[in-house]
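The structure that follows is given in the form of structure tokens.
Below, each value reflects all heavy atoms present in this structure, side chains not excepted, and no hydrogens, waters or symmetry copies.
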Amino acid sequence: MAEKKMIIDGVSCPFTTERNVLEVARNNGIDIPSLCYCENLSIYGGCRLCLVENDRGKMDAACSMQPRDGMVVNTHTKQVLDSRRTTLQLLMSSHRADCLTCDQSGRCKLQEYARRYHVDEHRFEPNTYCTEPMDLSSPSIVRDPSKCILCGLCVRTCAEIQNIGAVDFSGRGKKAHISADFGKTLKDTDCVGCGQCAAVCPTGAITIRNETEKFWSMLQDQTRKVVVQYAPSVRVGMAERFGLPANEPCTGKLVAALRRLGADVVYDTNLTADLTIMEESAEFLEKVKTGAKLPMFTSCCPGWIQHVENRHPHLMPQVSTCGSPMAMFGSLIRKQFAGENVYSVAIMPCTGKKFEAARPELEKDGERLIDLVITTSELCDMIEEAGINFAALPDEEPDAPLGDYTGAGVIFPLAVAAVGIFASIIATFFVRGKDDSNPHKALKMGSYVSAVIVAVLSVVLSYSFFGKIYYALAIIAGLIVGLVIGFVTEVYTSDDYKSVKRIAAQSETGSATTIISGVAVGMMSTWVPIVLICIGIYISYSVTGDLYGIALAAELIDSGKALETLERFIAVSNRAEANA
């Protein structure tokens, strides 16, 4: 699409597919304030903070103004600035300003804009905010209508992105407010506790339930053993919060910070992420064997589970019966410290985990598997409150034995790939022949030699990583299947065999019969590889008992086919050169 240009504050700003002037300005480094706009949502235009003035002196909302080539607008004329200050004063008069005690203090967009435009007094009658009671029913989210400015971001996010529609506008005029379905509390709606409404709320009207005080009290209770597990993705959010590079591992600093706060034992939920994979794989294969209805859905996401229960209950039989990694780890902690006064805490990136921890299914023998869930942002607040310099912390390891997880599951395939490269290099010494020798035969010998080397070394690697050779057997099965598929491909594509010769013979009778013959041969050539792949899957699963073995076999099947394809390419090239 051709690039166009408009003038904003005297600056030439190119644009192509931007929806409105607001997006053009932001993409060109010009910050126009807005409290109701989000690029992922429909355009609402309700806050009126993004007003700009065109070259004729008329003001319009930048979020709903379509950009045109040659358009001229200004974002900070006296008329625009006066309008923004008045709008902010009106918003603040209908907003309960408990800024010092608000969870959003320092992160509130209304507070930020009031400071930017020097709005430090109330021109209009104060305390006209909504008097609807706070909604504390959800274990994940807190709604405070008295701080709502009716920007509608929560309504549109819930309806347009999450497709839930748990909240909406209610009332008219001065009585307008955001309400849950028909005046219900969030707990009684289809809300899944995802927290996306809190993520887009520009004020403190919707916040994540803060339970840091409860965590602090347990950390300071000398009679309790505080055992903490942290989810893998927590470390990414913490790196962002504390200004570390996104690609810099900060897991060790996270462990160190938790110990500084007072945690007695720190574990990585990665361990039970491995267990979840194994359990769900076994359950899936059992469903396949018994002919149960598929597909099978994971049970790891509490928001997804609640959505299925509320909106699609007919799918519940297809949901995995496995617990989430957090729940599995909670069970392991209870068994590991049976008889001790344990307080189990999970550090999770998702607000829905607060709801999951409160589910009745997560109570075993009168004890909750997870006593408390703290989100990443809550933990970051605690680290800052404790005066800990997160970036300067030394790296520490999680506690044993439950702090270990299968790095082998990640490293082993890389080691096998390295062995394959080594075997290929060795095999090149066997691809030798005289000037009149058959290069195809020499390449085939190289393939067989490299396959043997990979098979032998995979046995060594499998035993070294896992203490057993089952995964090597899966690799060998994949190698054999790959080589056989390569040979079958040659049978159906080489002019040394009957299939291609038959197609060539049909060409004497016309193009139609040639096409029909070619399609027939092509269809016949597919059944053997399909059967061989099924055999490879069966063998690899039989010897390993999990999908990891199938994945290893599949990797080697592809390698075997690649080797045969290379042989065919060189053989055909050599024949073409000879004919020339």
(request) Kindly say whether Cys154 contributes a backbone atom to a donor-acceptor pair with the side chain of Thr157 at under 3.5 angstrom? (result)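 Absent.
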(message) Nearest 0.5 Å, please: how far is NE2 in His95 from CG in Leu88?
(response)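 Result: 11.5 Å between the selected atoms.
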(request) Report yes or no: do Thr75 and Asp9 form a side-chain donor-acceptor pair below 3.5 Å? (result)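 A donor-acceptor contact under 3.5 Å links the two side chains.
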(request) For Glu3 and Thr16, test the side chains for any donor-to-acceptor distance below 3.5 angstrom and give the result as yes or no. (result)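 On atom types as modelled, these side chains do not qualify, holding no pair under 3.5 Å.
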(request) Would you check if there is a donor-acceptor pair between the side chains of Thr251 and Arg235 at a distance under 3.5 Å? (result)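 Distance-only check passes for Arg235 and Thr251.
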(request) Please name all residues satisfying ring pair (Phe, Tyr, Trp, His ring centres under 6.0 Å) with Tyr343, sequence neighbours left out, ordered by chain then number. (result)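 Checked Tyr343 against ring pair (Phe, Tyr, Trp, His ring centres under 6.0 Å); zero matches.
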(message) What I want to find out is whether Glu340 reaches Arg224 closely enough, with some N-O distance under 4.0 Å, to be called a salt bridge.
(response)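 Salt bridge between Glu340 and Arg224, a charged N being under 4.0 Å from a carboxylate O: no.
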(message) Just to verify, what does Arg48 make a side chain to side chain donor-acceptor pair (under 3.5 Å) with, not counting sequence neighbours?
(response)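 None.
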(request) Report yes or no: do Gln104 and Thr203 form a side-chain donor-acceptor pair below 3.5 Å? (result)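 No, no side-chain donor-acceptor pair sits under 3.5 Å.
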(message) Using the ring centroid of each side chain, check whether Tyr44 and Tyr37 are separated by less than 6.0 Å.
(response)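 Not close enough - the centres of the two rings lie 6.0 Å or further apart.
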(request) Take atom CZ of Arg68 as the centre, draw a 6.0 Å sphere, and report whether it contains more than 12 heavy atoms from other residues, nucleotides or ligands. (result)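 Check fails, neighbour count at 12 or below.
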(message) I'd like to know if the side chain of Gln196 pairs up with that of Gln162 as donor and acceptor (distance under 3.5 Å, no hydrogens or angles considered).
(response)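 The answer is no; no qualifying pair exists.
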(request) Could you check Tyr117 against Arg85 for side chain to side chain donor-acceptor pair (under 3.5 Å), going step by step and ending with a plain yes or no? (result) CA-CA 6 Å; Tyr117 294 103; Arg85 291 191 186 100; over 6 Å; no
(request) Answer yes if the side chains of Glu18 and Asn27 hold a donor-acceptor pair under 3.5 Å, and no otherwise. (result)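 Looking only at side-chain atoms, Asn27 and Glu18 do form a donor-acceptor pair, the distance falling under 3.5 Å.
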(message) Using the rule given for side chain to side chain donor-acceptor pair (under 3.5 Å), can you reason through Ser179 versus Glu132, listing the C-alpha separation, both sets of side-chain angles and the distance that settles it, and then say yes or no?
(response) CA-CA 9 Å; Ser179 173; Glu132 292 289 320; over 6 Å; no
(request) State whether a side-chain donor-acceptor pair under 3.5 Å links Thr77 with Asn74. (result)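 No pair is found: no donor N or O on one side chain lies under 3.5 Å from an acceptor on the other.
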